[in-house]
Amino acid sequence: MSDDRRRRVAVVGATGVAGQQFLVSLADHPWFEVVALAASSRSAGKPYVEAITEASGQQRWACEEPLPESFAGQSVVDADHLDLSAVDLVFSAVESDAARALEAKLAPEVPVISTSSAFRYEDDVPIIVPGVNHQHAVLVKRQQRERGWKGFVLPIPNCTTTGLVVALAPLTAAFGVRSVVMTSLQALSGAGRSPGVIALDVLDNVIPFIPKEEEKVQTETSKILGSLEGDRIVPLDLPVSATCTRVNVRDGHTEAVTAGLGRPAAPEEVAEAMRGFGAEFVGLGLPSSPPELLRVTTDPYRPQPRIDRSLHDGMTTVVGRIRSDTVFDHGIRFVLLSHNTKMGAAKGAVLLAEYVVEQGLA
Ligand SMILES: NC(=O)c1ccc[n+]([C@@H]2O[C@H](COP(=O)([O-])OP(=O)(O)OC[C@H]3O[C@@H](n4cnc5c(N)ncnc54)[C@H](OP(=O)(O)O)[C@@H]3O)[C@@H](O)[C@H]2O)c1
């Protein structure tokens, strides 16, 4: 490890579902040292383990991995009073309303890698999925130039968009994609803790609506798959029709996708295009990178969340059931699975931070 990649980092929203995943992803990280855990004034001043403990005594730790011991006694600070002189980079995992004000305060001083939607749709803010459009990250230089910021805001997408663009990117490159219809079956952890999904609502049930989710998937997919022209992103002209549902699964978003391609392609050609996808990015050997971004399975009963979500620590999108479709011109159908709190949130954001540090952007 070279010392010039060491960074002192803060996690803002450290007590939430995505924030907890950040702690797991950053414990023992070779470059990033967590020097501050921040959350709202509700948690401020408490040792971390106390901040995530209910009055009833219940500890609200949502990860499969245990709470890394080094963080348990660390005092949580109020995000509004974070000492930025002691921090080189911030990971933000706060709900978007709060994130809007917070990130606007942080980014003028330090680079902010964000899981929230607060800045995603601004013209000078790319939305990055490492391995798909990491080249768009250079746009942060425009933010710095035009906004006069020392730092920047660099968001990852909504967790449902992530798996979709990982699967579509090799298809846009190989065949072109003209239209997409997607129905998601999204995990409960994607709703976070506040307010989250109430057990009585989702047990023995499917909830057919997730506020704002479908619009996010539609807008973000075009932007991520768009091209960087000069210092602006030209979104891909790709209609995406999304139906997003919440299902009784803990982690891992499943998506049933039908796409109209730009030219005819047999399912085996589609599988082949997906198989080698992202090799160059993976070849960078970044600490949080999986050895493959996309795995294609030929088992017709896969992917399944319980079995497949943890492949390469949740950083690999698994695609199965690739078959022809007769409704669209040059239609193809498949099912994908993407881990919403790993690649879709914290560990994906850590991977993005590794990339921008490696590139000298932060
Ligand atoms: N869950 C996922 O799978 C996922 C995936 C991708 C992106 N995201 C995005 O990540 C963000 C966090 O989601 P989540 O699911 O982790 O939510 P969550 O479990 O509800 O956690 C929210 C976090 O934000 C903190 N917070 C709330 N208001 C704050 C304020 N005014 N100042 C500072 N901190 C504040 C909370 O601190 P207190 O504990 O002190 O209240 C908590 O740490 C959201 O923008 C979400 O869209 C989530």
Side-chain angles (χ1 to χ4, degrees), residues 10-25 36-55 59-64 71 75-82 90-106 112-121 127-129 153-165 184 186-197 210-213 215-217 220 244 246 249-253 305 309 314 338-352:
V11 178
V12 175
T15 50
V17 169
Q20 294 183 6
Q21 280 286 351
F22 270 111
L23 302 194
V24 169
S25 303
L37 304 179
S40 76
S41 52
R42 293 180 287 276
S43 307
K46 297 177 185 166
Y48 183 79
V49 78
E50 202 178 299
I52 60 163
T53 302
E54 296 286 304
Q59 231 180 65
R60 283 157 65 98
W61 177 253
C63 303
E64 265 177 50
F71 299 126
S75 185
V76 177
V77 298
D78 185 334
D80 275 327
H81 302 118
L82 192 58
V90 170
F91 291 105
S92 169
V94 175
E95 298 110 317
S96 54
D97 289 347
R100 180 81 218 172
L102 258 176
E103 292 175 6
K105 211 163 123 182
L106 298 169
V112 177
I113 307 285
S114 174
T115 60
S116 90
S117 62
F119 280 85
R120 278 184 205 150
Y121 312 115
I127 308 170
I128 309 281
V129 176
V153 179
L154 199 49
I156 61 165
N158 173 278
C159 45
T160 309
T161 308
T162 305
L164 185 63
V165 295
S184 70
Q186 297 183 212
L188 299 177
S189 60
R193 282 282 196 187
S194 48
V197 178
I210 303 174
K212 298 187 188 158
E213 198 82 348
E215 295 82 353
K216 286 181 185 172
V217 172
E220 294 174 15
C244 295
R246 189 77 67 195
V249 165
R250 178 178 143 152
D251 294 313
H253 291 351
R309 65 186 165 214
S338 172
H339 198 306
N340 54 296
T341 62
K342 297 279 189 175
M343 182 61 172
K347 199 165 177 182
V350 172
L351 178 57
L352 172 56

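Predicted, not measured: the structure shown is a model, and the values here were computed from it. Start at 1 with the first residue, then count along the sequence. Note that ligands are numbered from 1 as they come in the structure, with each ligand's atoms numbered from 1 the same way.
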Enquirer: Does this structure show an ion pair linking Asp251 with Lys342, if we count only N-O contacts that are shorter than 4.0 Å?
Expert: no
Enquirer: Give, for atom NZ of Lys347 and atom OG1 of Thr341, the distance between the pair rounded to the nearest 0.5 Å.
Expert: 11.0 Å
Enquirer: Step by step, work out the side-chain contact (heavy atoms from CB on, under 4.5 Å) result for Leu82 and Lys105.
Expert: CA-CA 10 Å; Leu82 192 58; Lys105 211 163 123 182; over 6 Å; no
Enquirer: Nearest 0.5 angstrom please: Met343 CE to Thr162 OG1, how far?
Expert: 7.0 Å
Enquirer: Just by distance, do the side chain of Ser114 and the backbone of Leu154 share a donor-acceptor pair under 3.5 Å?
Expert: no
Enquirer: Here's a test for you: under side-chain contact (heavy atoms from CB on, under 4.5 Å), which of Thr160, Val129, Thr161, Val165 qualifies with Glu220?
Expert: Thr161
Enquirer: By number and element, which atoms of ligand 1 are closer than 4.0 Å to a non-hydrogen atom of Ser43?
Expert: 38 (P), 39 (O), 40 (O)
Enquirer: With respect to atom 31 (N) of ligand 1, which of Ala38, Ala99, Ala98 exhibits the smallest heavy-atom separation?
Expert: Ala98
Enquirer: Which protein non-hydrogen atom lies closest to atom 5 (C) of ligand 1, naming both residue and atom, and how far is it?
Expert: Ala345 CB, 3.4 Å
Enquirer: Any N or O of Val17 that comes nearer than 3.5 Å to an N or O of ligand 1?
Expert: yes
Enquirer: What is the nearest protein non-hydrogen atom to atom 22 (C) of ligand 1, stated with its residue, atom name and distance?
Expert: Glu95 OE1, 3.6 Å
Enquirer: Please identify which atoms of ligand 1 are closer than 4.0 Å to at least one heavy atom of Ala79.
Expert: 33 (C)
Enquirer: Go through ligand 1 atom by atom and flag the ones less than 4.0 Å from a non-hydrogen atom of Ala39.
Expert: 33 (C), 34 (N), 37 (O), 40 (O)
Enquirer: Please list the nearest protein heavy atom to atom 29 (C) of ligand 1 with its residue and the distance rounded to 0.1 Å.
Expert: Ser40 CB, 3.7 Å
Enquirer: Quick test: of every protein heavy atom, which one is nearest to atom 45 (O) of ligand 1, and how far off is it to 0.1 Å?
Expert: Val94 O, 2.8 Å
Enquirer: Suppose I only count heavy atoms of Asn340 and a 4.0 Å limit; which atoms of ligand 1 are within that range?
Expert: 3 (O), 5 (C)
Enquirer: Please report which non-hydrogen protein atom sits nearest to atom 43 (O) of ligand 1, along with the residue it belongs to and the distance in Å to one decimal place.
Expert: Thr15 OG1, 2.6 Å
Enquirer: Once rounded to the nearest 0.5 Å, what's the spacing between atom CG of Leu351 and atom CD1 of Ile156?
Expert: 10.0 Å
Enquirer: Taking only heavy atoms of Gly16 into account, list the atoms of ligand 1 that are under 4.0 Å away from them.
Expert: 16 (O), 18 (P), 19 (O), 21 (O), 42 (C), 43 (O)
Enquirer: For atom 32 (N) of ligand 1, grab the closest protein heavy atom and report residue, atom and distance to one decimal in Å.
Expert: Leu102 CD1, 3.6 Å
Enquirer: Show me which atoms of ligand 1 lie under 4.0 Å from any heavy atom of Arg42.
Expert: 27 (C), 28 (N), 41 (O)
Enquirer: Which residue owns the protein heavy atom closest to atom 13 (O) of ligand 1, what's the atom, and how far is it?
Expert: Ala18 CB, 4.3 Å
Enquirer: Ignoring hydrogens, what is the shortest heavy-atom contact between Gln20 and Ala62? Give both atom names and the distance.
Expert: OE1-N, 2.6 Å
Enquirer: To the nearest 0.5 Å, what is the distance between CZ on Phe119 and OG on Ser96?
Expert: 11.5 Å
Enquirer: Could you grab the distance from atom CZ of Phe22 to atom CZ of Phe71, nearest 0.5 Å is fine?
Expert: 12.0 Å
Enquirer: Atom 8 (N) of ligand 1: which protein heavy atom is closest, and how many Å away?
Expert: Thr115 O, 3.8 Å
Enquirer: If you count the atoms of ligand 1 from 1 in the order shown, which ones are under 4.0 Å from a heavy atom of Gly192?
Expert: 15 (O), 19 (O)
Enquirer: Between Cys159 and ligand 1, does any nitrogen or oxygen pair lie at a separation below 3.5 Å?
Expert: no
Enquirer: Does His253 use its side chain to pair, donor to acceptor, with the backbone of Ala187 at less than 3.5 Å?
Expert: yes
Enquirer: Which distance, rounded to the nearest 0.5 Å, do you find between the CG of Leu23 and the CD of Gln21?
Expert: 9.5 Å
Enquirer: Check step by step if side chain to side chain donor-acceptor pair (under 3.5 Å) holds for Gln186 and Glu213.
Expert: CA-CA 11 Å; Gln186 297 183 212; Glu213 198 82 348; 2.9 Å; yes
Enquirer: Can you check whether Val12 has an N/O within less than 3.5 Å of an N/O in ligand 1?
Expert: no
Enquirer: Any idea which atoms of ligand 1 are less than 4.0 Å away from a heavy-atom of Gly344?
Expert: 5 (C), 6 (C)
Enquirer: Please classify the Ser189 to ligand 1 contact at 4.0 Å (heavy-atom distances, strictly less than): side chain, backbone, both or neither.
Expert: backbone
